[in-house]
A.B. asks: 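Have a look at the structure that comes next, please.
Just the heavy atoms: all of them, side chains too, but no hydrogens, waters or symmetry mates, feed the values below. The first residue of the sequence shown is numbered 1, and numbering continues consecutively from there.
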Amino acid sequence: MQSKNIVPIISTSKLAETRAFYVDQLGMQISFDHSQYLGVRTGDAGAPELGFMVPDTEWPDEFGGKGLAIGISVADADKECDRLRAAGI
């Protein structure tokens, strides 16, 4: 198999809160915005991406929050940490 990319998709009923955190607080860009799905990425098209979807009949279980770590590499981790702390995150 050859793939262009892999997008982890996390099921959540809190799409508005998810958008507020990843877009408004972390500063990620929206790659896809729909009432049932939100795609965010760390830069322009082709940048690493995360997907979030509202549970439905095909994917009824919401992610429980255990067993997943999301690592985001940045140019200056100390500077980014200071920015997030100053923002109250």
Side-chain angles (χ1 to χ4, degrees):
M1 175 195 325
Q2 207 169 21
S3 173
K4 292 182 187 178
N5 63 2
I6 295 174
V7 178
I9 300 173
I10 300 165
S11 181
T12 179
S13 61
K14 298 181 178 183
L15 212 53
E17 294 90 336
T18 299
R19 178 186 178 140
F21 178 73
Y22 283 93
V23 176
D24 299 338
Q25 294 185 326
L26 291 185
M28 295 177 106
Q29 296 178 8
I30 294 173
S31 59
F32 191 85
D33 195 4
H34 184 273
S35 62
Q36 300 294 308
Y37 181 87
L38 172 68
V40 296
R41 63 182 178 224
T42 58
D44 294 332
E49 187 169 330
L50 287 172
F52 301 92
M53 69 178 285
V54 175
D56 61 18
T57 56
E58 292 183 26
W59 192 345
D61 296 325
E62 189 167 346
F63 177 66
K66 294 182 180 180
L68 175 71
I70 299 171
I72 301 172
S73 179
V74 295
D76 187 334
D78 291 331
K79 182 178 178 182
E80 189 62 20
C81 185
D82 290 343
R83 181 188 76 80
L84 294 172
R85 282 188 179 144
I89 299 171

A.B. asks: Quick one: do Trp59 and Val7 end up in the same hydrophobic cluster if we chain Ile, Leu, Val, Met, Phe, Trp and Tyr together by side-chain heavy atoms under 4.5 Å apart?
C.D. replies: yes
A.B. asks: Drop me the distance from Arg83's CZ to Gln25's CD, to the nearest 0.5 angstrom.
C.D. replies: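 That separation rounds to 9.5 Å.
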A.B. asks: For the atom pair CG (Asp61) and CG (Asp56), what is the distance rounded to the nearest 0.5 Å?
C.D. replies: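 If I round to the nearest 0.5 Å, the distance is 11.0 Å.
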A.B. asks: Where do Pro8 and Ile6 come nearest, in terms of heavy atoms and distance?
C.D. replies: CD-O, 3.6 Å
A.B. asks: Taking Glu62 for the side chain and Ser13 for the main chain, is one N or O donor matched with an acceptor at less than 3.5 Å?
C.D. replies: yes
A.B. asks: Roughly how far apart are Glu49 CD and Thr42 OG1, rounded to 0.5 Å?
C.D. replies: 9.0 Å
A.B. asks: Report yes if the side chains of Ile70 and Ile10 come closer than 4.5 Å at any heavy-atom pair, otherwise no.
C.D. replies: yes
A.B. asks: Is Leu38 close to Tyr22 at the side-chain level, that is, under 4.5 Å between some pair of heavy atoms?
C.D. replies: no
A.B. asks: Rounded to the nearest 0.5 Å, how far does CZ of Phe21 lie from CD1 of Ile89?
C.D. replies: 5.5 Å
A.B. asks: Val54 and Ser11: which non-hydrogen atoms are nearest, and at how many Å?
C.D. replies: C-OG, 4.5 Å
A.B. asks: Evaluate the side-chain proximity of Leu84 to Leu26: yes if any heavy-atom separation is below 4.5 Å, no if none is.
C.D. replies: yes
A.B. asks: Rounded to the nearest 0.5 Å, what's the gap from CE on Met28 to CD1 on Ile72? Could you check?
C.D. replies: 4.5 Å
A.B. asks: Roughly how far apart are Arg41 CZ and Ser31 OG, rounded to 0.5 Å?
C.D. replies: 5.5 Å
A.B. asks: Please examine the side chains of Phe52 and Leu15, heavy atoms only from C-beta on, and report whether any two atoms are closer than 4.5 Å.
C.D. replies: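 Side-chain contact under 4.5 Å: yes.
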A.B. asks: Please determine whether the number of non-hydrogen atoms from other residues, nucleotides or ligands lying under 6.0 Å from atom CG of Leu68 exceeds 12.
C.D. replies: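 Buried by this count: over 12 neighbours within 6.0 Å.
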A.B. asks: If hydrophobic clusters are built from ILVMFWY residues whose side chains come within less than 4.5 Å, do Met53 and Val23 share one?
C.D. replies: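 No; tracing contacts between hydrophobic side chains, which count when under 4.5 Å, never links both residues.
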A.B. asks: Counting C-beta onward and ignoring hydrogens, is there a side-chain heavy-atom pair between Arg19 and Ile30 closer than 4.5 Å?
C.D. replies: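 Answer yes - side chains close enough.
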A.B. asks: Please report the closest heavy-atom contact between Ala47 and Gly43, naming both atoms and the distance.
C.D. replies: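 Nearest heavy atoms, Ala47 then Gly43: CB-N, 3.5 Å.
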